J.: 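Mind having a look at this structure? Questions to follow.
Here the structure is a predicted model, which is why all the values come from computation and not from measurement. Quick note: numbers below take in every heavy atom, side chains included, and nothing from hydrogens, waters or symmetry partners. Labels below follow one simple rule: chain letters A, B, ... track the order of the sequence lines, proteins then strands, and each chain is numbered from 1.
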Protein chains: 2
Amino acid sequence: MSRRTPSARPARRRAHAPVFAALGDRTRLALVAKLSEGELYSISQLTQGSRLTRQAITKHLRVLEHAGIVRCMHRGRESLFAFNPEPLYEAKSYLESVSEQWDQSLARLRGFVEERRLT
Amino acid sequence: MSRRTPSARPARRRAHAPVFAALGDRTRLALVAKLSEGELYSISQLTQGSRLTRQAITKHLRVLEHAGIVRCMHRGRESLFAFNPEPLYEAKSYLESVSEQWDQSLARLRGFVEERRLT
DNA sequence: AGAATACGCAACCGACTGGTTGCATAATGC
DNA sequence: GCATTATGCAACCAGTCGGTTGCGTATTCT
């Protein structure tokens, strides 16, 4: 991305919570799964196969777009959506950092529970 | 975990959306960060340093508990919370799978946007 | 030009969320 | 025994969420 744009944005630090919140919905997870296949899909196409209204799907897509997980571009009368992986990379990194922090202090807590016979 | 329990549960397939939803809140992310340090914290301890009420913190902890991210045990009059990494591992794996699917079809989409001059 | 397609905007709705306050109860400390 | 500490439960509230319907508009097709 930053290789393409000459106006290289300084990769603004995004908060993780909104990204996780955007992923905290089955419908949006399904949209992400479909868009991650690499195709461009219009709103109507994404609505087909769903039991929801076009407007419902549109709202979900806007949520994903605000979280940066999806990009929208317009061709003619249709809005095409494309997957954007960066926020998911960052989210994954965050989960990794939390897991690593846990791993480092795991030994300290291991057996602690049984030792103290906690319920 | 499953090593301890003789009634080895078949590691029920958990949906990802609830885990992400539980992480989609700054307060809860802060709680996860603190608990991932490996210490056991009571509700009062977790409330100290926060501007929120004890009940607010309690509600957030219950959300994390239902998502499996946190475990609660009782000692005397206090409720001690411990971090549980499994759901986060699974969430990380899910993000990885989505990213990999994207990577595999990246070449197919690369240049597609510029080629078609989409706005 | 006229019909069909794809979409945006706005209002509306019930349900859920994040947060509070108030009160009751169990466990500890003195 | 009594005060303190730690918590649970329930009610309440404003705001957000997921979803719908209705309508207007731009684009494409024939």
J.: Tell me whether the rings of F83(B) and W102(A) are parallel (<30°), tilted (30 to 60°) or perpendicular (>60°).
T.: perpendicular

J.: Starting at atom CZ of R54(A), determine the distance to atom C1' of dG8(C), rounded to an integer number of angstrom.
T.: 7 Å

J.: Please list, by residue number, the residues of residues 58-70 of chain B whose heavy atoms come closer than 4.0 Å to an atom of DNA chain C; answer none if no residue qualifies.
T.: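 K59(B), H60(B), in order of number.
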
J.: CZ of R75(A) versus C1' of dT27(D): gap in Å, rounded?
T.: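 Between C1' of dT27(D) and CZ of R75(A): 13 Å.
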
J.: Does atom CZ of R26(A) have more than 12 heavy-atom neighbours, drawn from other residues, nucleotides or ligands, at distances under 6.0 Å?
T.: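 Not buried by this count: 12 neighbours or fewer within 6.0 Å.
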
J.: Going by ring pair (Phe, Tyr, Trp, His ring centres under 6.0 Å), name the residues that satisfy it together with Y94(A), two or more places apart in sequence or in a different chain.
T.: H16(A)

J.: Check whether N84(A) reaches the backbone of I69(A) with its side chain - one donor and one acceptor, N or O, closer than 3.5 Å.
T.: no

J.: Whole angstroms only, please: what is the CZ-P distance between F81(A) and dG8(C)?
T.: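 Atom-to-atom, F81(A) to dG8(C), this comes out as 7 Å.
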
J.: Calculate the interatomic distance between L80(A) atom CG and dG8(C) atom P; express it in whole Å.
T.: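 Whole-Å distance recorded here is 11 Å.
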
J.: Measure CD/Q55(B) against C1'/dC12(D) and give the value in whole Å, please.
T.: 13 Å

J.: For DNA chain C, which residues of residues 24-32 of chain B approach it to below 4.0 angstrom with any heavy atom?
T.: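 Output list: D25(B), R28(B).
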
J.: In this structure, how many angstroms lie between the P atom of dG8(C) and the NE2 atom of H74(A), rounded?
T.: 6 Å

J.: Provide, to the nearest angstrom, the distance between the CD1 atom belonging to I43(B) and the C1' atom belonging to dG19(C).
T.: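 In whole Å, dG19(C) C1' lies 16 Å from I43(B) CD1.
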
J.: For the atom pair NZ (K59(B)) and OG1 (T53(B)), what is the distance rounded to the nearest 0.5 Å?
T.: 10.0 Å

J.: Is F20(A) reachable from V63(B) through a run of I, L, V, M, F, W or Y residues, each pair having side-chain heavy atoms under 4.5 Å apart?
T.: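 V63(B) and F20(A): separate clusters.
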
J.: Send over the distance from M73(A) CE to dG8(C) P, rounded to a whole Å.
T.: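 Taking CE of M73(A) and P of dG8(C), I get 14 Å after rounding.
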
J.: Looking only at heavy atoms, which two atoms of L40(B) and M73(B) are closest? And how far apart?
T.: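 That would be CD2-CE, 3.2 Å.
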
J.: For the side chain of E78(A), counting heavy atoms from C-beta on, which of dT20(D), dA6(D), dC7(C) is nearest?
T.: dC7(C)

J.: Map R51(A) and R77(A) onto DNA chain D by nearest heavy atom, then report which one ends up closer to the 5' terminus.
T.: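 Nearest-nucleotide comparison on DNA chain D picks R51(A).
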
J.: List the atom of Q48(B), the atom of K34(B), and the distance in Å for their closest heavy-atom pair.
T.: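 Smallest interatomic distance, heavy atoms only, reads O-NZ, 4.5 Å.
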
J.: Does any part of the side chain of H60(A), heavy atoms only, come nearer than 4.5 Å to the side chain of D25(A), both counted from C-beta?
T.: yes

J.: NA contact type, T53(B), heavy-atom cut-off 4.0 Å: base, sugar-phosphate, or nothing?
T.: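 Here T53(B) touches the bases of the nucleic acid.
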
J.: Kindly say if S79(A) contacts the phosphate of dA6(C), meaning a side-chain N or O under 4.0 Å from OP1 or OP2.
T.: no

